[in-house]
Amino acid sequence: MKNKSEIITAKIDILQTVYMDYNFTDIEKKWQNYWEDNKTFKTPDDLTNPRKCYVLDMFPYPSGAGLHVGHPEGYTATDIYSRYKRMKGYNVLHPMGWDAFGLPAEQYALQTGTHPSITTKNNCDTFRRQIKELGLSYDWGKEINTTDPHYFKWTQWIFIRLFNTWFDEKLQKGRPISELTIPEEISKSGEKAVSDYIGSKRLAYYENAQVWWCPSCRIVCANEEVLYDGSHEKCGNKVEKKNLKQWMLRIPLYAERLLSGMDQLNWPEGIKDMQRNWIGRSTGAEVDFSVDGLNEKITVFTTRPDTLFGATYMVIAPEYPLTKLITTDENRKAVNDYIKAASLKSDLDRTDLAKEKTGVFTGRYAINPVNHKKIPIWVADYVLTGYGTGAIMAVPAHDTRDFEFAEKFNLPIVCIQDPDVSDPDQKKKIVAGKECWTEDGKYINSSDKSTGIDINGLSKEAGITKITTWLESKSIGKAKINYKLRDWLFSRQRYWGEPFPVIHWEDGEITVLDEKELPLLLPDLEKYLPGETGESPLANATEWLSVTDKSGRKGRRETNTMPQWAGSCWYYLRFIDPSSKHQIFDPAKERYWMPVDLYIGGAEHAVLHLLYSRFWHKVLFDLGIVSTDEPYTRLFNQGMILAFAYENETGAKVSADLVEERNGKFYNTATGTEVRQIVAKMSKSLKNVINPDDVVSKYGADSLRLYEMFMGPLDIIKPWDDKGVKGVFNFLGRTCRFFSNPENIISGEEDWEISKGLHQTIRKVEGDIENLHFNTAISAMMIFLNLAMKKGRVTKDTASVFTRILSPFAPHLGEELWSLLGNGKTLTYEPWPGVNEEFLKESVFEYPVSFNGKVRFKLELPVNMEKEEIIKNVLADERAKKWLGTGSISNIIVVPNRIVNIVIKTNP
RNA sequence: GCCCGGAUGGUGGAAUGGUAGACACGCAGGACUUAAAAUCCUGUGACCAUUGCGGUUGUGCGGGUUCAAGUCCCGCUCCGGGUACCA
């Protein structure tokens, strides 16, 4: 028997467990289990629904560190969008998988002997668990893993297609190699010439390439990975140049298609610009300079052939093929030393404007075709082999870096453009070649009797046209479009990557495997260490390596593996039909789901991944394998999430666990000195890494999701602030307590103000989801909750509507409230509430009345009032008289339902 | 150097050329509590005035367009990211 007070306490306890507490841990577990058991997010098989939406995340590399708070940012955004689209009646494809080849698993294998596949599996398990705990609505039946042979079989299959495709420049289209016409003079020259010709057309080719080699990682680095100081981005050690046989892909052939395809895409303009700049199209001309005393010519690319008369010297890159031939004996040692020194510098280092120009004279001269003048040929490392022809003509009078070089080495400077400057002294200096003039001007000093060309007095456009036509007529030059984009180096000397389905035969022939032989599996190895010479670890797999064909010809498998890009170039296609055994995917499904409607990921992939992926997609499109020309219709880049970090007066970083806050200031607990709070990338060394697991256990997954969306616009860089999580946690707690309390839910007619607020909220949230403005959507829901709490009660219909619009953001709480409202099953497929315009109509508007642009008072008037009436009412107001004072009205602006502005002229 | 972003209270941020600072954090005060936490209520750009009404100023800096500018234009500064002596 209990006494009275005990009974009361017990009652309160029950009430609290029923509706007073926001018990997120139980709620989230319960609904995650429900979704899993009921396969709630299984992708619909019905391909007749015309409304489809393919929502894709950039799939993660499953690192050993587990999920980072940066991951859920994009994942939550796509999840909200997916859940919203389901409620809008769309068939939604929203998958997740693992980009699991890569260096860390291999390095771990080197250290411990653990096979990378084991490490990878463990990491994937951790990632999957963490992602599931966030309540993300992925169809786990569509999970893929790039290291799974069922997956990389098709990566190899695509490689074979790249190998067997050539680009028809006339049609601007990739075509099967069997459709390549061999020119007669080539077929006459024998089998070798024919196969060389075919090889020169394939999109994938094998060639000796000079590459950056990191001796520490024993890996070739892409140019993009070499840092300013010549060190490797990944490990920080110095890299060096090395010649290795490499697989290359001819991506520049698709430059025009990659450029024009972007016009119709709904991508951020900044990202499109970055891709355009990376492709780097420039129009100009190629001009041949003959070399004095040798039967050779050097071709240069220039965007300004009109400045040929100002070309007073020529520069070739140290790696230029003719450098040795051109160099005279007396200059040979200096040139050789220079080439050696240049080979140790990174491109960034070589091309840094702030650095002192270096170069050596070859001892040889070239002939300027416009005036037959002899101009010296220099070698300088600021000219790169990768761009243009690896040789330039220098016009020092009108190019600052050529000018600097010419001044330093005392080379002639000839001004050929009339400078448009008012200062006569400055003009004199420029014309005399003592100062550089980089703007345009009418040509001077630009004619020659011996060649008959004269462009003096012409403007830039006319000059370019005239010179180019003249060069073409003399067959010493031609108009040319040049691209910055280079062939893509597509092989790595690694173990943990897709093996190339390629055999090198003893007679020199290179063949690809037959489709039936795929997948070509990785051999099991005991040693994962690559050779010091640049040999891949696969060279250790002696049994796997050697092959013999039917006629007894011996061959060796390719030992390079594909880069990590390979698997991520086409994964969005496999998600469509991941278990397909005998084809890459079912074409009917591909036609239904493609293109990807929304693709969200980090801006760090703005260029490389997205460009490579678009390139593969276009090849597959040309071959009729996919049905769309572009893979991703709409792209969005989330901004990085940073964290607070601390530094002392000298700028030295202080570990976050050594910092305490007192009265808004921060102190180093070890030294007692004050430190400054800054915002920096999360890193182990700063001890400012936020683990999503900790946030989930403290506040719940819904709070983590909501906070990541509430922090600010999705695309900006923003710092994580633990205090901020409390704000959204409070909101969810209030929501839970308010809507789960039966006393607050009434039947009958809804209060007009609440209805109005509710429909405003539906409209705002809907528009904001479409535009990915999740922060303001959440704020709109907070405003509604504040209103509802002020009013104290809402109808069941209102509760039902609010629960549904909240559910894409906080799905666990959404489901819980939905079931408390008496619904038996998930709200995933419940219809998105419609907006009733009746509630949004206003009868009055509170006009801000301003005088000379400054708002002075407010006046409520009917919305449909005529302008004249409004003016009359405003001027009749006592307060207007005060602000008019003694001034006279010169104008009155009335913007209906917006503002009234009275312009006053002050009387003296 | 060039390209792309960005700069709004103590903090994160809001604002179709039309009331700057929504929403939230933090802070201050109050209620509840033995107390604390939690929760709820009120206030909160700065300056001046204050009994009350209120006034001045304010979106990195300097100009401009406009009846009206955080927003558009021109010129800068600083910060972040990318990066090719790109000929």
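In what follows, chains are A, B, ... by sequence order, proteins preceding strands, each numbered from 1.
The pairing partner recorded for B:G5 is B:C79, the criterion being a Watson-Crick or G-U wobble arrangement whose two distances lie under 3.5 angstrom. Across all strands shown, B:U44 pairs with B:G26; the Watson-Crick or G-U wobble distances both stay below 3.5 Å.
For A:N277, no side-chain nitrogen or oxygen approaches OP1 or OP2 of B:C2 to under 4.0 Å.
Remark: the separation of the P atoms in B:A7 and B:C72 is 11 Å, to the nearest Å. Nucleotides B:G55 and B:G60 place their P atoms 25 Å apart, quoted to the nearest Å. Of the C1' atoms belonging to B:U65 and B:G80, the separation is 31 Å, rounded to the nearest Å.
Here the side chain of A:K726 is nearest to one of B:G26, B:U56, B:A87, namely B:G26. The side chain of A:R856 lies closest to B:U56, out of B:U19, B:A87, B:U56. The side chain of A:V855 has B:U19 as its nearest neighbour among B:U19, B:A14, B:A24. Here the nucleotide nearest the side chain of A:I717, chosen from B:A38, B:G80, B:G18, is B:G80. Here the side chain of A:K723 is nearest to one of B:G26, B:C23, B:G18, namely B:G26. Of the candidates B:G26, B:C23, B:A68, B:C23 carries the atom nearest the A:M782 side chain, counting heavy atoms from C-beta on.
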Sugar-phosphate atoms are those with a prime plus P, OP1 and OP2; base atoms are the rest. Using that split, label each nucleotide of nucleotides 40-49 of chain B B, S or - for protein heavy atoms under 4.0 Å, 5' to 3'.
S---------
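Aromatic ring pairs are classed by plane angle as parallel below 30°, tilted from 30° to 60° and perpendicular above 60°; the pair A:F409 and A:F405 is tilted.
Each of A:V895 and A:N775 was matched to the nucleotide of RNA chain B holding its nearest heavy atom; the match closer to the 5' end belongs to A:N775.
A:N901 and A:S850 share a donor-acceptor pair across their side chains, judged by distance under 3.5 Å alone.
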